[in-house]
Amino acid sequence: MEVIIFENESLVAKRAASMLADLLSIKPSAVLGLATGSTPIKTYQELIKKFNNGEVSFKDVSTFNLDEYVGLKSDNKQSYQYFMREQLFDFIDIQLDNTHFPICLNAKENQQVAENYEAIINAKMGIDLQLLGIGHNGHIGFNEPSSSLASRTRLKTLTRSTIEVNSRLFEAGETQPTMAMTMGIGTIMDANHILLIATGEGKAEAVRNAIEGAISASCPASILQMHPHVTVLLDKNSASLLQNTAYYQRVAEQVKELN
Ligand SMILES: O=P(O)(O)OC[C@H]1O[C@](O)(CO)[C@@H](O)[C@@H]1O
């Protein structure tokens, strides 16, 4: 696991976008795993800048989003399909047919949706790079604490804390879903490269548990310690509870020298 700590969230976003763009310059038809939430918004803005400058094209890219709320149609402002169009897809040359979400309008159909999502990912030969945020409780995707560390795409009930944290994004009168379809932890772990980004003090405890804590379903992100190729980009605030920052910095300096 490579942990890189930056002065602020803008630098995290710039590095994340550069890593995605570098992959696309080597493999224009890459398969990307994408995340929603507030954390990746700045990264998407940096990608849009790169696209406008002609530095990157998404023409042949396929994407798989981590999760989607159950019961929300794509024109619902709270759906992650809407979010992705508003934050990224509408501003780049991606073909919407190549973007995928685990859409489940009727909870009773969850199993079929899950199997189908896994099958489409497999048909694309898997995910080259999976972008991840992290929940305050250590969730990745919507794999809440206690999720099986080997889980595949499935229906998840959201925890009270996740519902409360995300309630800031819902306006009065909007119904907040309490269930979501999410890639499983095993699905995420199958990606060739995982890029976790976290910013802000509110994520410090989850980041510490994920990187330096014991591997446990109590902090689903801690399973990333078992993945052979993970890059973690943090700002100073989200890294504030880490013990080994001096070591991470030395590694980052040496990697820079080698490159
Ligand atoms: O970036 P935020 O808004 O803190 O969200 C944290 C995580 O929760 C989720 O929204 C749940 O899927 C993730 O996509 C995200 O990484």
Side-chain angles (χ1 to χ4, degrees), residues 32-40 63-74 76-84 99-122 126-127 130-170 174-191 194 196-198 202-203 205-207 209-210 213 215-227:
L32 303 179
L34 297 179
T36 52
S38 5
T39 315
T63 64
F64 288 88
N65 262 79
L66 281 166
D67 42 23
E68 179 57 286
Y69 285 119
V70 168
L72 298 194
K73 292 193 179 145
S74 68
N76 186 310
K77 281 191 174 176
Q78 292 296 349
S79 74
Y80 286 163
Q81 299 159 77
Y82 193 97
F83 173 100
M84 288 306 304
T99 66
H100 304 89
F101 295 81
I103 301 165
C104 183
L105 297 179
N106 176 355
K108 289 194 177 131
E109 288 166 7
N110 71 84
Q111 225 159 337
Q112 205 180 314
V113 170
E115 276 167 29
N116 190 36
Y117 207 54
E118 291 279 335
I120 317 172
I121 296 173
N122 283 338
I127 291 171
Q130 175 66 57
L131 181 65
L132 286 183
I134 182 169
H136 289 73
N137 60 6
H139 75 213
I140 45 178
F142 268 132
N143 294 285
E144 298 284 34
S146 83
S147 288
S148 158
L149 296 178
S151 51
R152 311 303 304 184
T153 301
R154 69 211 182 294
L155 179 74
K156 279 301 288 183
T157 298
L158 306 182
T159 59
R160 277 274 146 235
S161 78
T162 294
I163 293 169
E164 267 159 38
V165 169
N166 286 352
S167 64
R168 73 189 191 284
L169 305 167
F170 286 78
E174 282 182 330
T175 312
Q176 187 178 357
T178 56
M179 286 190 297
M181 294 296 298
T182 181
M183 272 187 209
I185 297 177
T187 321
I188 293 169
M189 289 291 281
D190 283 348
I194 295 179
L196 174 73
I197 54 175
K203 296 292 173 68
E205 199 181 329
V207 164
N209 292 340
I215 296 172
S216 159
S218 301
C219 177
S222 63
I223 192 65
L224 300 178
Q225 295 172 34
M226 295 290 288
H227 192 285

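What you see below is based on every heavy atom in this structure, not just the backbone, and it leaves out hydrogens, waters and symmetry mates. Every value quoted in this text rests on a predicted model; they were computed, and no experiment measured them.
Residues passing the side chain to side chain contact (heavy atoms under 4.5 Å, CB included) test with T39, sequence neighbours excluded: I197, T199, K203. Among residues two or more places apart in sequence or in another chain, the side chain to side chain contact (heavy atoms under 4.5 Å, CB included) test is passed with T157 by M179. In terms of the side-chain hydrogen bond (donor to acceptor under 3.5 Å, both in side chains) criterion, Y117 has no residue partners (sequence neighbours excluded). For A206, the side chain to side chain contact (heavy atoms under 4.5 Å, CB included) criterion is met by I134, not counting sequence neighbours. Contacts of H100 classified as ring pair (Phe, Tyr, Trp, His ring centres under 6.0 Å), with partners at least two apart in sequence or in another chain: F64. Applying the side-chain hydrogen bond (donor to acceptor under 3.5 Å, both in side chains) test to Q130 and every residue at least two apart in sequence or in another chain returns nothing. The side-chain hydrogen bond (donor to acceptor under 3.5 Å, both in side chains) test applied to E174 returns Q78, not counting sequence neighbours. S218 is linked by a side-chain hydrogen bond (donor to acceptor under 3.5 Å, both in side chains) to S216, counting only residues two or more places apart in sequence or in another chain. Residues satisfying the side chain to side chain contact (heavy atoms under 4.5 Å, CB included) criterion with A217, sequence neighbours excluded, are L149.
The main-chain N or O of I185 is found under 3.5 Å from a side-chain atom of S151 such that the two form a donor-acceptor pair. Counting only distance, with no hydrogens or angles, the side chain of N110 and the backbone of A107 share a donor-acceptor pair below 3.5 Å. Checking side-chain atoms of Q176 against main-chain N and O of L169 turns up no donor-acceptor pair under 3.5 Å. Between the H227 side chain and the I188 main chain, no donor and acceptor come within less than 3.5 Å of each other.
Every pair passing salt bridge (Lys or Arg N to Asp or Glu O under 4.0 Å) that includes a residue from residues 104-118 is listed here, sequence neighbours excluded: E118-R152.
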Please set out all donor-acceptor pairs under 3.5 angstrom arising from side-chain atoms of residues 137-147, sequence neighbours excluded.
from, atom 1, to, atom 2, distance (Å)
N137, OD1, H139, N, 3.1
N137, OD1, H139, ND1, 3.3
N137, ND2, E144, OE1, 2.9
N137, ND2, T162, OG1, 3.4
H139, ND1, E144, OE1, 2.9
H139, ND1, T162, OG1, 3.4
N143, OD1, R154, NH1, 2.9
N143, OD1, R154, NH2, 2.9
N143, ND2, I140, O, 2.9
N143, ND2, M183, O, 2.8
E144, OE1, T162, OG1, 3.1
E144, OE2, T159, N, 2.9
E144, OE2, T159, OG1, 3.1
E144, OE2, T162, OG1, 2.7
S147, OG, E144, N, 3.1
S147, OG, E144, O, 2.6
S147, OG, R154, NH2, 3.3
S147, OG, K156, NZ, 3.3

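By the 4.5 Å heavy-atom criterion applied to side chains, I121 and I127 are counted as neighbours. Taking 4.5 Å as the limit, every side-chain heavy atom of P102 sits out of range of all side-chain heavy atoms of Y80.
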